[in-house]
Amino acid sequence: MKKLLGIVVLSLLWCSNSFSQNCDPNHYNDGMMVKEYEAEWNYKAEEAYSFGKKIQNILLKKDLRGFIDLTTGDLRTSLEQKYKENKSFENFFDNEQYKKIVGGEVYCFPLGSIDTLQFWIGLAELTYTQEKNGNWVVLKY
């Protein structure tokens with residue numbers, strides 16, 4: 001009996017590896033599979049998904065500093081200025097927008113523009129991308 005239980009446990013451990021990913025490379029969206037998006041746009045779906053979840057976790061903690069650190073360029077500059085003026089979380093997100101972002105689905109494939117690599121959370125309430133240097137950043141919210 002112990003031997004049978006051991007075999008069952010080992011087989012479950014071996015099989016669980018196939019379920020450890022959040023992004024199924026063969027998942028279709030708009031006529032393409034995730035692995036085809038990855039090849040065309042030169043990104044890793046698991047990284048895109050993980051970054052989206054990271055954004056949600058930072059916002060769930062209401063960590064404004066952490067959120068600002070995920071931005072770049074003009075958005076970062078304007079958020080830094082806003083943060084200096086008023087560090088209130090409500091100054092950055094209204095309640096409806098916040099709910100859509102933290103409760104929104106995170107995707108493994110790009111959405112939005114056909115000219116740039118963009119990922120959405122909350123149906124475009126927040127958009128993020130991977131820069132040429134490989135860093136993931138929030139583009140807009």
Side-chain angles (χ1 to χ4, degrees), residues 2-141:
K2 288 182 182 179
K3 199 175 220 181
L4 180 61
L5 181 62
I7 291 170
V8 170
V9 169
L10 280 176
S11 66
L12 287 174
L13 287 173
W14 284 327
C15 293
S16 68
N17 188 27
S18 64
F19 298 108
S20 66
Q21 293 183 336
N22 296 299
C23 301
D24 176 1
N26 297 314
H27 175 80
Y28 273 97
N29 176 60
D30 201 22
M32 286 178 68
M33 288 186 281
V34 169
K35 64 185 174 187
E36 293 171 323
Y37 283 111
E38 287 179 313
E40 182 177 334
W41 289 100
N42 194 30
Y43 79 99
K44 291 184 176 128
E46 285 295 325
E47 287 180 12
Y49 181 87
S50 293
F51 187 72
K53 286 299 192 182
K54 178 180 180 177
I55 294 166
Q56 287 179 322
N57 288 330
I58 285 173
L59 292 179
L60 278 170
K61 295 176 192 171
K62 297 191 175 190
D63 177 7
L64 288 175
R65 216 36 268 162
F67 179 71
I68 292 170
D69 289 343
L70 300 179
T71 63
T72 188
D74 292 340
L75 177 58
R76 185 180 187 111
T77 303
S78 78
L79 290 177
E80 291 281 1
Q81 183 62 38
K82 204 174 190 180
Y83 187 76
K84 286 178 188 173
E85 294 168 5
N86 183 349
K87 295 178 180 158
S88 165
F89 196 81
E90 291 73 27
N91 188 38
F92 287 78
F93 297 93
D94 68 46
N95 196 34
E96 187 70 25
Q97 179 188 35
Y98 176 75
K99 285 179 184 177
K100 286 180 181 177
I101 294 171
V102 297
E105 188 171 350
V106 176
Y107 298 97
C108 299
F109 46 84
L111 296 161
S113 173
I114 59 170
D115 297 324
T116 60
L117 179 67
Q118 292 183 13
F119 296 85
W120 292 354
I121 301 177
L123 295 176
E125 289 294 325
L126 184 142
T127 306
Y128 61 97
T129 192
Q130 184 178 33
E131 296 179 312
K132 292 187 190 298
N133 63 9
N135 292 336
W136 289 90
V137 295
V138 173
L139 291 174
K140 72 175 191 75
Y141 79 98

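Residues take their numbers from the sequence shown, with the count starting at 1.
- Y43 and F119 have their aromatic ring centers within a separation under 6.0 angstrom.
- Among residues at least two apart or in separate chains, there is no disulfide bond (SG atoms under 2.5 Å apart) pair with a member in residues 39-80.
- Atom NZ of K82 sits in a crowded spot, with more than 12 heavy atoms from other residues, nucleotides or ligands closer than 6.0 Å.
- Applying the side chain to side chain donor-acceptor pair (under 3.5 Å) test to E40 and every residue at least two apart in sequence or in another chain returns nothing.
- Y37 and N29 share a side-chain donor-acceptor pair at under 3.5 Å.
- For residues 74-141, the pairs satisfying disulfide bond (SG atoms under 2.5 Å apart) are C23-C108, with sequence neighbours left out.
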Please list every donor-acceptor pair under 3.5 Å in which a side-chain atom of residues 93-106 meets a protein atom from a residue at least two apart or in another chain.
residue	atom	partner	partner atom	Å
D94	OD1	E96	N	3.1
D94	OD1	Q97	N	2.7
Y98	OH	L59	O	3.0

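- Between T71 and I68, the shortest heavy-atom contact is OG1-O, 2.6 Å.
- For the pair E80 and R76, the salt-bridge criterion is met [side-chain N within less than 4.0 Å of a carboxylate O].
- For W120, there are no side chain to side chain donor-acceptor pair (under 3.5 Å) partners at least two apart in sequence or on another chain.
- Applying the salt bridge (Lys or Arg N to Asp or Glu O under 4.0 Å) rule to pairs touching residues 131-141 yields nothing, sequence neighbours excluded.
- Of all heavy-atom pairs spanning Y128 and I55, the tightest one is CD2-CD1, 3.8 Å.
- The two residues K44 and W136 come nearest to each other via the heavy atoms O-CZ2, 4.3 Å.
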